[in-house]
Amino acid sequence: MFGLVVVPTPTWYLVLSAVLFSIGAVGVLVRRNPLVMFMCIELMLNAVNLTFVTVGRAMSDINGQAIVFFVMVVAAAEVVVGLGIIVSIMRRRSGVNVDDLTELKG
Amino acid sequence: MISLLAVDPVLNGDLLWTPLLIVVLKVLVVFVTGLVATMLMVWFERKVVAGMGNRIGPNKAGPFGLLQTLADGIKLFFKEDLVPDRADPFVFKIAPFLSFVPAFLSFSIIPLGGDFRGDKGGLVTWFGHTTRVQLADPSIGVLFTLAISAIAVYGIMLAGWSSGSKYPLLGSVRASAQMVSYEAALGLSLAAVILVSKTLSTSGIVIAQSSIGNWNVIATGIVPFFIFFIAATAELNRPPFDLVEAEQELVGGFNTEYSSIRFSLFYLAEFMNTVTMSALMVTLFFGGPQPISFGSTVLDIPLIPNGLEGSVWLFLKTLVFLYTYVWLRATLPRFRYDQLMDFGWKVLIPSSLGWFMLLAAQRLGRNEGWNTIVVTGASVLVLVVCYALLQRSFAVSSKQREAEGSMF
Amino acid sequence: MELFVFVCASVMVLVGALGVIVRKHPVHAALSLVLTLFGIAVLFVAQSAEFLAAVQVIVYAGAIVILFLFVIMLLGVDKAENLQIEPLTGQRWIAGVVGLGMVGLLTTAVVSGSDVLRLRGLGIASSVAGENADANIQQLANSIFSDYVFAFEVTSVLLVVAVVGTVLLARRRTGKGIA
Amino acid sequence: MSIPILTLLVLVPLAGAIVASLLAKSSESMAKNVALVSSIATGLLSVWMLIKFPTGSAGFEFVSKHAWVSEWGISWHLGVDGISLFLVVLTGILFPLVIVGIDPHHDHKQYLVWMLVLESGVMGSFLSLDLFLFFVFFEIVLVPMYFLIGKWGYDQRVYAATKFFIYTMAGSAFMLVGIVATAFLARRDIGHLSFDLIEIAEKSNFAAGTGRWLFVGFVIAFAVKVPLFPLHTWLPDAHTQAPTGGSVILAGVLLKMGTYGMLRFGVYLFPEAAVWAKPVLLTLAVIGIIYGAIAATMQKDLKRLVAYSSVAHLGFIVLGTFALTNQAITGGVMQMVNHGISTGALFLMVGMIYERRHTRVIAELKGIQAVAPIFAGFFTLIMLSSIGLPGLNGFVGEFLVLIGSFATARWWVVAATTGVILAALYLLWAYQRVFHGEPEEANKSFAEITKREAMLLSVFVAAIVFTGVYPKPMLNRIEPSVKSLLEHVESHSNYKQPEIKAGE
Amino acid sequence: MMLAANMFVGPAIDWFKISPLLVMLGGVLLLILAGSLTPQWKQGTYGVVGALTAAGSAVCTAMLWRDLGEGNPSSLLANALSFSKFSLFATFSVAVATLLAILVTSGFLVREGEDGPEVFALILSAAIGGMVMVQANDLIVMFLGLETLSLAFYLLTASSRWRSASGEAGLKYFVLGGFASAFFLYGVALVFGATGSTNVEKIAASLSKDTVLGGSSAMLLAGIALLLVGFGFKVSLVPFHTWTADVYQGAPTPVTALMGSVGKTAAFVALIRVFTVALSSRSDDWRPVVVMLAVLTLVIGSVLAVVQTDVKRMLAYSSISHAGFILVGLVAAGHSASADAGLGTSGALSYLFIYSILVVGTLGIVSVVAGKGDNETSLSAFKGLGKSNPVLAMGMTVLLLAQAGVPLTSGFVAKFGIIRAAVSTESYALAVVAMLAAVIAAFLYLRIMVSMWLSEGAASRDVAATFSVKASIALCVGATLALGFFPSLLLQFTNQL
């Protein structure tokens with residue numbers, strides 16, 4: 001209708017998710033704040049979700065979406081646990097920063 | 001062809017001008033309706049509360065003070081826009097929009113009218129196109145409202161945090177905790193509605209409630225409705241759940257530092273939400289724009305064409321809830337914070353869950369052809385046992401908490 | 001038109017993702033995360049996964065990021081991280097190289113691999129295709145409760161773990177031994 | 001044969017160890033009695049076995065075979081032939097002597113328990129006819145030895161013990177891989193998975209390359225144990241730091257596990273490869289002989305000197321083994337026993353010196369002969385045996401090795417002969433420095449040999465003299481087995497023993 | 001799409017065949033209910049309940065094994081779980097390790113005055129996760145099992161609130177574990193894309209059809225690589241091992257035991273199953289990488305172990321080295337053309353079973369020596385243990401020797417099985433490297449033994465152990481010796497795998 005009839009193929013989505021995944025992974029590597037590292041892990045999981053949905057659609061397989069549903073549950077549970085741990089550390093001392101956690105060095 | 005935007009969501013097919021025009025028109029109508037309704041709601045509330053307090057209320061601007069809200073709005077608009085020194089400017093600025101926009105969005109999926117007689121199913125024909133009187137009818141319908149109400153938390157939370165001040169922060173933390181907690185109960189009572197109407201789409205839910213006997217308020221048993229109502233009130237931060245803006249404790253709550261147009265956005269959002277929530281309740285439990293009917297007898301409002309009658313019914317039904325909200329505000333004292341949390345977690349969530357299980361058991365029994373009485377008896381028995389266990393565990397945990405001291 | 005949606009959503013996703021890793025302040029990072037999550041939700045809708053889009057917003061934006069913000073605000077971890085100081089010499093460089101390498105490899109892999117995605121199964125119902133608005137959800141439910149019913153049950157254990165675990169972390173036993 | 005005599009040889013000391021370890025901590029004398037009874041019983045059993053052993057038999061006698069890990073084709077398979085016969089007897093006799101004769105400084109009970117475990121392991125190694133079983137015993141020996149050195153040794157004991165353990169274990173690592181590979185590769189020829197030595201040796205037919213690799217795997221382990229140059233560096237440390245009893249056992253029997261293994265599991269299993277590797281091994285052996293001798297000459301510590309002399313002596317044994325002639329191998333086996341006796345006795349005496357003087361530094365010992373003539377006499381005799389004086393046991397073995405090797409390894413023998421001369425040099429020189437001259441003040445009070453010590457040493461001396469004068473009974477029992485071994489080698493490779501005149 | 005709700009037919013459920021899982025779940029629920037409905041129980045009773053549950057689960061598994069007999073493997077619950085000797089053995093292994101670890105934990109909690117139901121509920125949940133992983137026939141089910149296991153571990157690691165190292169370790173474990181899970185999941189997604197299924201058997205079927213199809217290979221290979229990275233983190237292979245030492249040291253000692261046994265078994269069995277069943281037709285692609293990882297893991301694990309001064313860190317690195325060993329088994333199992341490839345699988349499984357017992361026993365003793373507060377885990381804390389507590393020291397010695405692979409202990413049987421598998425598939429060099437690494441690692445065990453027996457130390461440290469810990473240690477030592485002397489006890493089962 002606008003004269004531009006380029007339709008995004010699954011590849012576009014897959015590349016986007018690959019890039020997103022990499023950004024997330026780099027984030028985990030460069031950031032030191034556990035909360036932010038944790039957010040980066042969420043980015044990675046989202047990239048995975050996008051991949052599943054895309055692949056599922058490309059193959060006309062609803063299971064791709066079913067899997068994403070489970071991944072979301074896992075992500076939610078992970079967050080609960082992760083934040084629980086962070087809070088329990090914070091109750092002992094303040095300022096969560098991976099570099100400040102130096103008791104374990106070998 | 002009915003989806004999130006009432007058209008093909010990603011516009012894959014050929015796009016014609018007429019449907020587009022219809023969509024634009026709908027958007028305009030919904031937006032304007034929303035704004036006007038909010039304005040009137042503010043007036044309505046002030047007026048009714050005043051009446052209940054034996055005062056007069058706004059009566060200067062316009063007839064019966066109807067334009068008072070507009071006047072206030074214009075005044076606020078021209079006030080200086082203050083951003084506190086210690087605020088996080090970017091977040092501080094976008095927070096009001098995060099509050100205001102969701103309020104409008106949830107309005108978009110509410111069926112605002114239509115002809116539900118016979119098997120028309122609320123469809124109307126405009127400009128040669130069959131459509132619904134509703135901005136969008138996504139397949140995930142009610143989940144959309146849940147999603148939007150999830151987003152609505154951000155506005156309040158960020159507003160409080162970005163102000164860079166203690167009281168707003170406390171207010172916003174309270175608010176978000178409250179909203180997140182009650183969302184669970186809200187969702188569970190919604191699940192009962194979905195179970196009964198077998199669809200997520202709002203129009204589908206409305207269609208399923210053809211007569212009073214089919215209204216979800218009755219079909220789900222009255223309990224989910226009450227839970228929904230209470231949870232919705234808490235979501236709205238309306239009295240008696242308005243701890244967020246408890247002036248006595250928190251000065252003004254999350255919006256203490258706001259002024260001018262940004263403040264008015266919060267204010268509008270709150271009332272907009274009230275209207276939306278009332279309309280939603282009507283949609284979910286009271287047949288929405290369906291006319292009141294007993295069996296095959298339909299109450300028909302004279303003089304109004306069938307196509308518009310739905311809207312009138314919706315307005316009337318919603319008005320009842322709006323009045324109830326105002327009434328509650330004028331009547332009930334505020335909860336204490338721990339009472340609020342206890343009520344949400346220990347009463348609303350278990351009972352909505354239990355009720356949902358009961359309905360599910362009934363349905364399973366019906367599908368499998370089991371004896372209804374036995375099923376009911378058994379499930380009630382189970383619920384009673386669960387209730388006893390729950391009470392026991394509350395008792396034990398409170399004893400333990402006394403022994404151990406609380407966490408924070 | 002799908003192109004338009006895709007481009008907008010990808011910009012949201014990428015800007016958000018970059019925001020997460022470059023914004024100093026955790027709150028800003030969290031907000032960037034929300035942006036990405038929305039972008040993903042839009043991409044879900046674009047691929048006929050409406051239910052997942054809704055769940056995405058409810059679960060991620062509505063619960064997960066809220067929890068993040070909660071912790072950030074409640075615990076006062078809101079001091080900004082100084083990104084000028086490198087944690088380990090060269091770590092950022094290495095991470096950058098690793099990241100670029102990953103992008104390269106993964107992109108090559110998916111580009112060269114995506115042409116083998118073949119049609120199988122019954123097709124995904126979207127509200128576009130059928131008159132039944134709930135088709136997508138019903139199909140999904142069928143999949144979850146037949147093929148993945150065991151997985152579904154395992155998630156319940158997973159959630160139990162999360163709950164019990166937080167109880168464990170929150171609990172304080174003052175009485176040594178028998179209370 | 002109704003009594004499973006070989007099984008008893010392994011289990012009696014083990015039973016003794018278990019009983020002793022279960023005794024109360026305080027009852028040390030009781031523990032000692034238990035240890036004595038079980039070790040002496042083992043010794044008697046071994047002697048009885050020697051008597052019962054049919055002279056002239058070339059095959060395995062007293063075989064005892066029971067399934068153990070049937071899933072892996074592993075069995076409890078023991079047997080004794082001429083090659084292992086005297087090593088078993090040596091073990092059986094040496095242990096009671098050590099237990100009777102040498103007391104540890106502390107923790108008697110534990111010491112005795114470890115000694116008995118060690119005896120059991122050594123017996124097992126010499127008797128096993130199953131590759132897996134052999135490896136089990138070969139490895140298990142490390143544990144008691146580790147504790148014996150580490151707990152009852154001298155200043156650097158932990159270092160020495162660890163070095164010993166790691167070196168030997170690293171060697172065995174290769175052997176384990178070799179064993180498993182052997183069994184799997186032999187499976188084709190045998191038809192089923194089996195770790196049985198005889199079955200594999202007789203039926204298998206490895207390709208030359210494969211056999212060589214496997215042989216290398218085995219030989220590395222044995223070379224560490226022997227120790228063959230250049231893998232010998234653990235030995236001086238272990239010997240020096242070990243308690244006297246440990247040193248005696250280490251030199252007396254443990255090192256023989258390496259040379260014995262080379263014969264039994266190297267040459268027997270991989271004849272072709274043994275022939276192939278001959279030059280290298282002979283060279284290493286000769287280097288070991290000369291290097292050991294030179295290094296011994298340089299030592300300031302008497303015990304270290306004896307340790308290096310062991311390196312040299314064991315070089316002779318390896319030389320004999322890989323010369324691959326009847327006489328040379330027979331001589332090698334003889335030498336294994338002889339070295340066990342004479343070096344064991346030397347270590348014993350060094351231990352006695354240390355008990356008295358609390359030093360082993362040669363320079364600090366002087367003129368002992370003057371104050372303790374009988375002691376010096378014993379030392380002289382044992383030393384001469386070690387040098388290889390004709391008429392004493394050392395001569396028989398060494399001479400046979402040299403004569404036998406001459407036909408197949410002439411130039412190596414020529415080089416090795418210098419080792420004999422060097423041995424005389426360093427031992428005599430050491431003797432001179434320790435026993436001759438005017439005793440220093442500290443050595444004036446050097447006590448004369450006690451009755452117990454004298455009795456202990458007389459056993460050794462008797463063996464030295466008897467074997468030296470009348471080696472015939474030993475040779476008669478060793479030779480048939482050696483001969484059949486070489487026949488096996490000849491039939492499984494293109495190697496032919498050079499004709500030499502019979503009747504040595 | 002006409003998918004009306006009443007057309008729906010759920011999969012058949014054979015309740016008895018999932019009874020090991022159900023028993024565990026019952027235990028979890030019982031403990032949770034007990035925790036919320038009743039006041040504190042008598043000390044140690046929670047542990048008894050947990051131990052009985054694990055034992056019950058083990059018994060159920062044994063019964064299923066017997067019933068299976070020579071029967072063919074099958075799958076359960078809409079192909080979600082596989083039901084075979086392989087999965088049953090691994091399940092049994094997990095159950096036994098759980099039982100032993102619970103006994104240690106019970107004594108530990110009583111000593112620290114922290115007895116309560118939550119920890120045991122978490123341990124049992126972790127076991128459920130582990131069992132799901134080892135039985136999983138579908139990568140998503142496997143992932144969920146993995147997450148259940150991991151979440152429980154994160155929480156247990158952080159559960160010692162009186163030690164700040166515990167929380168720290170929990171956080172580190174959590175962040176890196178989440179990172180690894182994301183990799184694993186992306187791998188699953190790409191494999192799903194390349195093969196069209198997440199089901200292990202369907203993947204295998206799809207790949208065997210397409211062996212010549214070039215197009216899918218890049219995506220598949222990326223998927224395999226990512227799966228390997230994910231698994232590599234979970235079983236701590238070098239270079240993905242960096243978390244291991246910190247976490248092992250920081251976690252409460254019984255939890256470390258649980259990680260070393262249940263965690264390692266579950267992750268490894270899953271790894272082996274994915275790579276030898278689903279991806280077996282691509283073994284030529286992954287085997288070289290696995291060989292490289294195995295060598296790195298063996299060597300670096302052993303070398304780093306030697307330089308540590310804290311016993312828990314030592315054991316962490318030694319566990320890495322052991323992981324390398326097990327990986328050698330995987331390499332052998334990857335020779336799908338060889339008739340002896342099965343030896344790799346059975347060897348790895350026996351290794352895991354034996355190692356689980358060893359590690360629980362060893363760390364059980366460490367937890368006793370660590371004393372109240374769980375802090376004394378440095379090497380010097382073991383000084384003089386041979387004098388002050390010879391029985392305990394003897395037990396430790398047996399377990400350490402077994403870890404070093406000395407004959408007549410179960411550890412030797414384990415190593416022998418792996419070497420046998422490697423040799424039978426002609427990976428001689430790898431076998432030699434593995435054995436040499438074992439020798440390097442032996443040095444580390446010797447260091448601990450030196451501390452116990454050969455160094456003088458503060459003799460009068462209080463190292464009292466409760467009955468349940470003693471029982472657990474005794475069981476571990478007994479099993480170590482029994483399996484060492486009579487390997488057939490184990491081999492008659494693993495030979496059927």
Side-chain angles (χ1 to χ4, degrees), chain A residues 10 14 17-18 21 24-25 28-29 34-35 37-38 40-56 58-59 61-64 66-68 70-71 73-75 77-93 96 98 100-106, chain E residues 139-141 143-144 146-148 150-152 154-155 157-159 161-179 181-190 192-194 196-199 219 222 226 245-250 304 307-310 313-314 316-317:
Chain A
L14 290 177
S17 60
F21 187 84
V28 175
L29 295 176
L35 283 165
M37 289 167 90
F38 196 7
C40 293
I41 291 173
E42 297 300 326
L43 284 183
M44 293 166 78
L45 289 180
N46 269 286
V48 175
N49 284 352
L50 185 57
T51 310
F52 270 118
V53 168
T54 309
V55 168
M59 296 192 300
D61 186 353
I62 192 74
N63 286 348
I67 292 168
V68 173
F70 293 121
V71 176
V73 177
V74 168
E78 251 188 15
V79 169
V80 170
V81 168
L83 294 179
I85 292 175
I86 291 176
V87 170
S88 84
I89 294 181
M90 289 295 300
R91 283 164 66 201
R92 277 195 292 263
R93 51 208 163 124
V96 181
V98 164
D100 297 344
L101 303 180
T102 49
E103 195 153 311
L104 296 168
K105 277 271 164 70
Chain E
L139 293 178
I140 287 308
V141 174
F143 173 71
L144 290 171
L146 176 71
E147 280 300 309
T148 311
S150 306
L151 286 188
Y154 306 148
L155 288 161
T157 303
S159 66
R161 269 164 292 109
W162 65 94
R163 282 171 60 227
S164 59
S166 165
E168 215 172 272
L171 187 60
K172 274 186 184 169
Y173 193 17
F174 174 77
V175 171
L176 285 169
F179 192 51
S181 293
F183 273 95
F184 177 84
L185 203 59
Y186 200 38
V188 174
L190 292 185
F192 178 57
S197 179
T198 54
N199 186 291
M219 198 165 183
L226 288 166
D246 284 350
V247 172
Y248 269 47
Q249 188 189 5
L304 287 181
V307 300
Q308 303 300 322
T309 53
D310 182 285
R313 287 186 87 85
M314 286 180 169
Y317 282 109

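The analysis underlying the following values was restricted to heavy atoms, covering all of them including side chains, and did not include hydrogens, waters or symmetry mates. Chain letters run A, B, ... following the sequence lines, proteins first, then strands; residues in each count from 1.
Using a 4.5 Å cut-off between heavy atoms, A/A66 does not touch chain E at all. Only the side chain of E/F143 comes within contact range of chain A, with at least one heavy atom under 4.5 Å from a heavy atom of that chain. Of the atoms belonging to E/V188, heavy atoms from both backbone and side chain fall under 4.5 Å from chain A. Only the side chain of E/S181 comes within contact range of chain A, with at least one heavy atom under 4.5 Å from a heavy atom of that chain. Neither the backbone nor the side chain of A/A75 comes within less than 4.5 Å of any heavy atom of chain E.
When each of A/T51, A/N49, A/V81, A/V80 is checked for heavy-atom pairs under 4.5 Å with chain E, A/V81 comes out on top. The choice from E/A189, E/G178, E/G170 that makes the most heavy-atom pairs within less than 4.5 Å of chain A is E/A189.
Going from atom CG of E/L190 over to atom OG of A/S17 covers 8.0 Å, rounded to the nearest 0.5 Å. E/T157 contributes atom OG1, which lies 7.5 Å from atom CD1 of A/I85 (distance to the nearest 0.5 angstrom). In this structure, CZ on A/F70 lies 6.5 Å from CG on E/L144, to the nearest 0.5 angstrom. Rounding to the nearest 0.5 angstrom, the gap separating the OG1 atom in E/T198 from the CG atom in A/N63 is 6.5 Å.
In this structure, E/L171 and A/I89 have side chains that are in contact, with non-hydrogen atoms separated by less than 4.5 Å.
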Can E/L185 and A/V71 be said to form a side-chain contact (heavy atoms from CB on, under 4.5 Å), step by step?
-> CA-CA 9 Å; E/L185 203 59; A/V71 176; 3.5 Å; yes
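Across every non-hydrogen atom of E/F179 and A/I41, the tightest pair is N-CD1, 3.6 Å. For A/V48 against E/A182, the heavy-atom pair with the smallest separation is CG2-O, 4.0 Å.
Partners of A/F52 under the ring-ring contact (aromatic ring centres under 6.0 Å, His included) rule, at least two apart in sequence or in another chain, are E/F192.
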